[in-house]
Student: 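I have a structure here, written as structure tokens, and I will follow up with some questions on it.
Chain naming here is simple, since letters A, B, ... match the order of the sequence lines and numbering starts at 1 in each.
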Amino acid sequence: MRIIKNREKLSGWLDISQSASGVVLAVFLWTHLLLVSSILLGEQAMTWVANTMELSFLSADGHGYPWVVSVIAVVIAAIVLVHVLVAAHKMPLNLRQQKALKRQLNIVNHGDTRLWVWQAATGVLIFLMLPVHLWLIGSAPETIGPHGSADRIWQQGVWLLYLPLLFCVELHAAIGVYRVAVKWGAARDLNSRNRLKKIKSIVSAIFIVVGIASLLAFLPYANAS
Amino acid sequence: MSQQAPKGRMLTFNIFRYDPQEPGDKPKMVKYQLEETPGMTVFIALNRLREEQDTSLQFDFVCRAGICGSCAMVINGFPTLACRTLTSKYPKGDIMLMPLPGFELIGDLSVNTGKFMRELAERLKLWLHPISDDMDVHRLEAPMDPAEAAKLYELERCVECGVCVSACATAQMRDTFVGAVGMMKLARFELDSRDGRELEDFYHVIGNQDGVFGCMTLLGCQDNCPKDLPHMQQIAYLRRKMAVTLIS
Amino acid sequence: MKLIYTDSLVIGAGLAGLRVAIASKERGLDTVVLSLIPAKRSHSAAAQGGMQASLGNTVKGMGDDEDVHFQDTVKGSDWGCDQEVARMFAHCAPKAVRELANWGVPWTRVTKGPRQVVVNAEKVTIEEAEEAHGLINARDFGGTKKWRTCYTADGTGHSLLYAVDNKAISMDIPVHERMEALSLIHDGERCHGVVARCLITGELRAYVAKSTTIATGGYGRIYEVSTNAIICEGIGQALALETGVVKLGNMEAVQFHPTAIVPVGILTTEGCRGDGGLLRDKDGHRFMPDYEPEKKELASRDVVSRRMTEHMRKGKGVDSPYGPHLWLDITLLGRKHVETNLREVKEICENFLGIDPAKDWIPVRPTQHYSMGGIRTDATGQNPQLKGLFSVGEAACWDMHGFNRLGGNSLAETVVGGMIIGKYVADFCQQNTLEIDTGLVESFVGKVQNEIDELIDGDGTESPFELKKQMQRIMMDYVGIFRNGPELEKAVNELQELLKRANALGLKCKKRHANPELVEALRVKRMLKVALTVAAGAAARTESRGAHAREDFPQRNDKDWLNRTLASWPDAEALSPTLEYEQLDVMKMELPPGYRGYGINNAIAHPDTEKRELQITAVLSQLGDDADRHERQNALMPFEVPEALTPKNERLSEMLQQQVAGEAK
């Protein structure tokens, strides 16, 4: 079993990239949701956030550059792609592996393994839903704002996408960050692992609540137009 | 012999039965009933079932004291040592026994963990590689930091029962994955100041998909290890060490 | 018929067997080990407390050397041991400990400076030397003058077994797991190997070898409750017995360990008492000082076990549904000590008793623990009756334990005996050729095959499980800690009845491959013969010596019984063994029989004892004043070990003395 050295180093880099890309995406996700949740503070807050994101403070007319958002969407899409590619090879890809996993879940009762199954499943769903979201935003960045977003969410029915996506990403990200922390040794003992696990659940819950609240907060703006 | 013991409750055992060497035999679950006695363990129960109800029932026990690691099996969904599992732990009196997944099945509850462990030891070279061959057993031994010795013993308490492998979905999905037992043992030698292997040497063995970078940190090992070994910390430690070699 | 040829065949993959295999392989010999189970699951792993070796690194071990270790061992054996063997052993023990350190054993080390220990129920501070820092530590054990028991927490056997098996794996020594040896192949003079059955496929194989080493451990499981693993069923001794020529030594010498938990009989290490634990009765009273004011809880094992039984007979035991028991109290050692140095004990208490030993007392009672008897060998480990048959470890009566073994000397025997005998086995293999008589091999395989056919196809009705249970009960009731003529007689008669019934064993499960009932049936008949050698030997020995305590003959009788029982079974159809006796020669002893230091000194002296004592004084006075201890020892009782093991052992205390002497000059 002699493998060339570079190939050998590859798996290390793959694993690190998975953790790193995951953490970057999670941080982005949480920031993103907090920014969106500015709607909870009112129309102006959200407009200000949207404009700032478009770097309005740099442009003379104060309108900013909506393409910045497109760029962000593209960058995120790229990181997601990396994350998906490196994560995919850990998933049960062939039938034999899927059978083994199924058997395992049937025979052995283990919380963290079930957690991972949730993570894997949400990962697959995110992989299906996220491109639509990125396309909608990336292709029409100028529409982001209390009214534009509200239209998209409630008039065009995109909430049907956003709501499940919200659940998936918030579960996926929190579980993922918890796992990264444990994986690289942030939990020195079982107590701190339990604490991390608790924090993970709270984070998921908070962001889901904030997310739903934000979606609902758009409702009046959609009706208004 | 002893005083009249009060009549115990009836336990129901649901046991996986399959003899792969018997032509035409198919895996099945079989129910057995047994009256509980005080202090009964799964070891006592299985022996009584074999003696009184079905002499062909296969299972493995050696020390029956939780020391040798022979008798791991999945009891009501948790892989653990059967010899030290008290039946009183199960208030409903229903006990389901399955052989450890991930090992060659010899029959019923008996699996070939020994073969697995020996192959693993050969593959990962799980023995001390002394720094020098010049050992004089007649002279005073080389001193060792007492704290290091204590730490090594702590990691050495593994009994190779196979629970960590059976509780690990990664190991179940990938045959070549070394599992917590392999990593734990390598971590033990990596820490041993008497071992001459360098980080790079360890990287060759576990710095890959079959080792620390294939582990998904599901922690079935940590949560089921009957010896409460610090798998979580040790695997993380190895992973950091291995990651450092990527940059250096 | 599958035939496998090898140079050195070892039966049993515990510490002793593996150590012999390593010694063979080191010489480039082809080596095969057979084992019922994976090597690392062997009963050696259960040894908790440690192994004795006179390193003398800890301050409480200063002044220790081979002489003191030898004397403790001989006294412990109640003068029943072979003193030359005890010398070989004491000389090589430090080497084995150091070798194991090189193979990876993480021996617990000495930490310099003050350290608090519990001695005689009081906290005492001892000061470890600066120079001893990091050297191998030792703890106190019963029956020893110095703190001599080297250890790794309380998992010493585990650490040793793992290190030695790892070494064997690194040397590519094959261990054929789940193979059960069922018969020795021999021609009445030379042993040629074994017939073995694969426990998975049921296949019979003949292993033909230059040397065959039996390292299958003891026969504790002929008793109903034993600290032994359930595989310690005496099959190794039975294999030897069934040859009809091989003799077993001192089979009646069976040790009962004072502190096994009630009811399951799992051991809590002697280290509990060595580290300062106490024995208490139902009133919480510490009773051992009443009986043994000097050594108290740390008297020799046989003594403590008897005192405990005596005390329970006085009604001082704690009643339980499983009969009376006493308490082992280690709460005074403190939680930290219990959780680091007595971890396995803690786990056992939690899992099997549901108690916390740092807080609660542990219910204990004396329980069958060790077989001093076994296959008789000479000092090189070879059986005097069958050339090429070796035995080592608990399976053997190499005879360093005599009638009672000291705690920490059994684990030591496995690796020390393995180290010494392994070299002799290798010598034998190099000096002899492989003799293959296929006709002979076939006849032995045929015999085993017939036995199996008879069990499976025959019309017997006796249940092997039932017979075994009855045998175990008889041994418990009549061949226990205290023995007497009428009960032993009864034991022999009842065992003989069982042996007759064993001719009509019948099986419900007719499988020829993996079949636990067949395994049981093949064993039970063999075990019955082993049990009979124990019971018959005990009935014949009308004295008390070491662990063999006769209520009707309470004195140690050197005049008539300073000998070794030899049991053989020349007629396979006979119902009892043939007993003979091998005299121990007082005139060759370095340490003539004397007072052991427990209870009243009531031994009946051997006529040679006084003569030998005078001779020793004379020999020593002829040596000059400048004769060192090695020269004095050599003048009294020269002994041999393999050449590679002859150098003297270096010791910290001696180095320090030299330093001091050097500075004084």
Side-chain angles (χ1 to χ4, degrees), chain A residues 1-3 5 7-20 86-87 89-94 96-117 119-120 175-176 178-190 192-194 196-197, chain B residues 16 73-80 96 98-102 123 163 166-176 200 203-224 228 230-247:
Chain A
M1 225 179 32
R2 200 158 288 170
I3 318 165
K5 202 162 175 178
R7 174 79 191 281
E8 225 179 50
K9 298 263 168 183
L10 184 67
S11 56
W13 283 118
L14 287 181
D15 203 38
I16 293 175
S17 335
Q18 187 187 351
S19 293
V86 290
H89 72 275
K90 297 220 170 121
M91 304 266 284
L93 294 176
N94 59 44
R96 201 198 65 77
Q97 289 180 330
Q98 284 157 13
K99 268 188 165 162
L101 179 64
K102 210 175 144 200
R103 194 173 103 96
Q104 176 73 2
L105 290 166
N106 274 332
I107 298 177
V108 175
N109 174 2
H110 183 243
D112 270 35
T113 305
R114 277 195 300 272
L115 217 52
W116 172 76
V117 172
Q119 205 191 355
I175 299 173
Y178 156 73
R179 198 181 307 288
V180 167
V182 176
K183 189 169 186 172
W184 295 93
R188 260 167 298 112
D189 51 45
L190 293 183
S192 48
R193 173 176 159 214
N194 283 338
L196 283 178
K197 219 166 163 176
Chain B
F16 176 88
M73 57 183 74
V74 185
I75 306 179
N76 284 357
F78 295 95
T80 190
M96 184 164 88
M98 302 280 289
L100 276 194
R123 181 173 141 211
V163 160
S166 74
C168 173
T170 313
Q172 299 301 313
M173 290 190 288
R174 280 209 310 274
D175 293 336
T176 49
E200 196 67 23
Y203 193 96
H204 285 302
V205 194
I206 48 158
N208 52 40
Q209 277 303 307
D210 289 335
V212 286
F213 297 127
C215 163
M216 301 192 289
T217 322
L218 305 180
L219 298 179
C221 52
Q222 175 75 65
D223 295 336
N224 291 285
D228 294 324
H231 297 281
M232 179 178 73
Q233 295 96 312
Q234 285 310 313
I235 297 174
Y237 166 82
L238 273 186
R239 188 179 284 114
R240 291 196 304 270
K241 283 256 166 182
M242 295 298 118
V244 167
T245 64
L246 290 178
I247 320 163

Student: Can you tell me how far the CE atom of B:Met216 sits from the CG atom of A:Asp112, to the nearest 0.5 Å?
Tutor: 12.0 Å
Student: Taking atom CZ of B:Arg174 and atom CZ of A:Arg96, what is their separation to the nearest 0.5 Å?
Tutor: 10.5 Å
Student: Below 4.5 Å, heavy atoms only, C-beta onward: do A:Arg193 and B:Leu219 meet side chain to side chain?
Tutor: yes
Student: Which distance, rounded to the nearest 0.5 Å, do you find between the CG of B:Asn208 and the CG of A:Asp15?
Tutor: 11.0 Å
Student: With only heavy atoms counted, which part of B:Gln209 is less than 4.5 Å from chain A, the side chain, the backbone, both or neither?
Tutor: both
Student: Side chain, backbone, both or neither: which part of B:Met98 has an atom under 4.5 Å from a heavy atom of chain A?
Tutor: side chain
Student: Minimum heavy-atom separation for B:Ala169 and A:Leu101, please, with both atom names.
Tutor: CB-CD1, 3.9 Å
Student: The test is side-chain contact (heavy atoms from CB on, under 4.5 Å); show your working for B:Gln172 and A:Val108 and say whether it passes.
Tutor: CA-CA 11 Å; B:Gln172 299 301 313; A:Val108 175; over 6 Å; no
Student: Pick from B:Asp175, B:Val74, B:Asp223: which one has the most heavy-atom pairs with chain A under 4.5 Å?
Tutor: B:Asp223
Student: Go through the atoms of A:Ile107 and report whether side chain, backbone, both or neither lie under 4.5 Å from a heavy atom of chain B.
Tutor: both
Student: So what's closer than 4.5 Å to chain B heavy atoms on A:Ala186: side chain, backbone, both or neither?
Tutor: neither
Student: At a 4.5 Å cut-off on heavy atoms, which part of B:Ser166 comes close to chain A: side chain, backbone, both, or neither?
Tutor: backbone
Student: Using non-hydrogen atoms and a 4.5 Å limit, figure out which bit of B:Gln222 sits close to chain A: side chain, backbone, both or neither.
Tutor: side chain
Student: Check whether any side-chain heavy atom of B:Phe213 lies under 4.5 Å from a side-chain heavy atom of A:Leu14, and answer yes or no.
Tutor: no
Student: What distance do B:Thr217 atom OG1 and A:Trp184 atom CH2 have between them, rounded to the nearest 0.5 Å?
Tutor: 9.0 Å
Student: For B:Met173 and A:Pro92, work out which heavy atoms get closest and say how close.
Tutor: SD-CB, 3.5 Å
Student: With chain A as the partner, which of B:Gly211, B:Gly220, B:Pro230, B:Cys215 has the greatest number of non-hydrogen pairs under 4.5 Å?
Tutor: B:Gly220
Student: Chain A heavy atoms under 4.5 Å from B:Pro79: which part of the residue, side chain, backbone, both or neither?
Tutor: side chain
Student: Once rounded to the nearest 0.5 Å, what's the spacing between atom CG of B:Leu218 and atom CG of A:Leu115?
Tutor: 9.5 Å
Student: Any side-chain heavy-atom pair from B:Thr170 and A:Lys90 closer than 4.5 angstrom?
Tutor: no
Student: Please round to the nearest 0.5 Å and tell me the distance separating atom CE of B:Met242 and atom OG of A:Ser11.
Tutor: 11.5 Å
